[in-house]
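These numbers were taken from a predicted model, which means no experiment stands behind them. The analysis underlying the following values was restricted to heavy atoms, covering all of them including side chains, and did not include hydrogens, waters or symmetry mates. Chain letters run A, B, ... following the sequence lines, proteins first and then strands; every chain starts at 1.
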2 protein chains.
Amino acid sequence: MARYQPGIRTEARIIAATGELLAEAGLDGTTLKAICDRAGIKAGSFYNLFSSKDEAVLRVVREAINAVDPHPEGSGPDTIAELVEAYARFITEQPVVARIYLQIAVRGGLTDNAMAARFLRHHEQRVRRFAAALAGDGAPDRSELIRAEVLVGTLNGLAFRWVLRPDFDFRTHLTAVPIDGRLAAGDVPAR
Amino acid sequence: MARYQPGIRTEARIIAATGELLAEAGLDGTTLKAICDRAGIKAGSFYNLFSSKDEAVLRVVREAINAVDPHPEGSGPDTIAELVEAYARFITEQPVVARIYLQIAVRGGLTDNAMAARFLRHHEQRVRRFAAALAGDGAPDRSELIRAEVLVGTLNGLAFRWVLRPDFDFRTHLTAVPIDGRLAAGDVPAR
DNA sequence: GCATATTTTGAGTGGCCGATCAAACTTTGC
DNA sequence: GCAAAGTTTGATCGGCCACTCAAAATATGC
């Protein structure tokens, strides 16, 4: 870990460079050389601060995952509309982080176990949260868990579509997502 | 291209090995060495029949994409229920091909342009087909196109979820997918 | 069975990957 | 200003990647 000022600044530049590359070029494009070139350092400096390339990538991914839900679970009476809106804000207001999150979700899930596990844990947590909102009072039943999984699946599906082509209008399509018989658009509170 | 019998058999073994590896180990795990080892040949034989590794991968992917929709567009009055059921059958009955299809969709989409373009073209074609089914007679309007995109997005989202964990029950969750105000389950015809 | 075309092999190529390390340099606390 | 601790550099490592090629082996048509 960095102790002196130069090291602290370098560490920050490495994290920034890694994040930008993950969003722009995906996991394949995020090579050690690319990170170092963008951060303006040599490989040796990188390994003075990080023990491996994966450490830097995981740091960025972890931050991206945490950025999805700013306030922790249970810290407020979530409604479905609020949860959907939070997802939409994540996509539209933090596109770089969102791209990292989704890329790692699928990419990491296919090959790397650590990333897949991390993403799945977070996914399940989110589904529980959606299910709780569907249930209102009391614990969600099986039907509500399934409906929550489908709703989160829809959001993820549209988000993947957006990753494939960034000009895909996530918000517009969100208005056609059915929630409890109504459409999401009508439920989204004004910002 | 193969002209003699040994070459024809080798070509088939290469395609089979490539497909198996794509499904098992993803794009990263599908190295030239892995393909050749599984096919029981040397690299030189591979390049006698294929001009590049990508050529073999693309052949498999193309076949996987074509396998999604067995009968070509316009060859029958598709209903939404039929289209959803076709997607579900693809996932549940051809899991290997489905995994390849979805992996390439996201993986290839991020780095490789040829695969991304191919997947997107196919995706848009599918959305048009869903939209036409929603519209019934006449050309689909904007609203129907958006609803079709959301519905296909939901299917993709659930499929991605299944790729992440194969024990995810795609069919059960399909019953909770809202279609035109009703649930998909009620519309799915008996097989 | 022979000439020709194809296929297979084995031994390479260069290139990029992540990672290492000693030596020079810089920052920091005192 | 000095010593100790941290940082940067430049050269370098072995390994795996996709790919090549001449030469040996095999298939095919006649």
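Taking a 6.0 Å sphere around CG of B:Asp137, one finds it holds 12 or fewer heavy atoms contributed by other residues, nucleotides or ligands. The local environment of CZ in B:Arg165 is sparse, with at most 12 non-hydrogen atoms from other residues, nucleotides or ligands closer than 6.0 Å.
C:dT26 atom P lies 19 Å from atom CD1 of A:Ile8, rounded to whole Å. For the pair A:Ile41 CD1 and C:dT26 C1', the interatomic distance rounds to 16 Å; values are reported in whole Å. For the pair A:Asp28 CG and D:dC17 P, the computed distance is 13 Å after rounding to whole Å. Atoms CD1 (A:Ile14) and P (D:dT7) sit 11 Å apart, rounded to a whole Å. The nearest whole Å value for the distance from the CZ atom in A:Phe50 to the C1' atom in C:dA19 is 15 Å. Atom-to-atom, CG of A:Asp37 to C1' of C:dC17 comes out at 14 Å; the value is rounded to the nearest Å. In this structure, A:Lys42 atom NZ and C:dA22 atom C1' are separated by 17 Å, rounded to whole Å. Per the geometry, CG belonging to A:Asn48 stands 16 Å off P belonging to C:dT26, to the nearest Å.
Judged purely by atom type and a 3.5 angstrom limit, B:Arg59 has no side-chain atom pairing as donor or acceptor with the backbone of B:Ile15.
The line from CD of B:Glu144 to CD of B:Glu149 is 14.0 Å long, rounded to the nearest 0.5 Å. Taken from CG in B:Leu158 to CD1 in B:Ile91, the straight-line distance is 9.5 Å, to the nearest 0.5 Å. Distance CG/B:Leu145 to NE2/A:His173: 8.0 Å, rounded to 0.5 Å.
Partners of A:Lys42 according to the salt bridge (charged side-chain N to carboxylate O under 4.0 Å, His left out) rule, which considers only residues two or more places apart in sequence or in another chain, do not exist here.
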- Going through the distances and angles, do B:Leu83 and B:Leu151 end up as a side-chain contact (heavy atoms from CB on, under 4.5 Å)? CA-CA 11 Å; B:Leu83 291 169; B:Leu151 182 49; over 6 Å; no

- Message: Before you tell me yes or no, could you show the steps for A:Tyr87 and A:Asn156 under side-chain contact (heavy atoms from CB on, under 4.5 Å), namely the whole-Å CA-CA distance, both residues' side-chain angles and the distance that decides it to 0.1 Å?
- Response: CA-CA 9 Å; A:Tyr87 194 108; A:Asn156 285 337; 2.6 Å; yes

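Using a 4.0 Å cut-off, some side-chain N or O of B:Thr10 falls inside it from OP1 or OP2 of C:dT8.
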Every protein N/O within reach of nucleotides 1-3 of chain D N/O, cut-off under 3.5 Å:
none

- What string of B, S and - do you get for nucleotides 19-30 of chain D, 5' to 3', when a contact is any protein heavy atom under 4.0 Å? BBB-----BS--

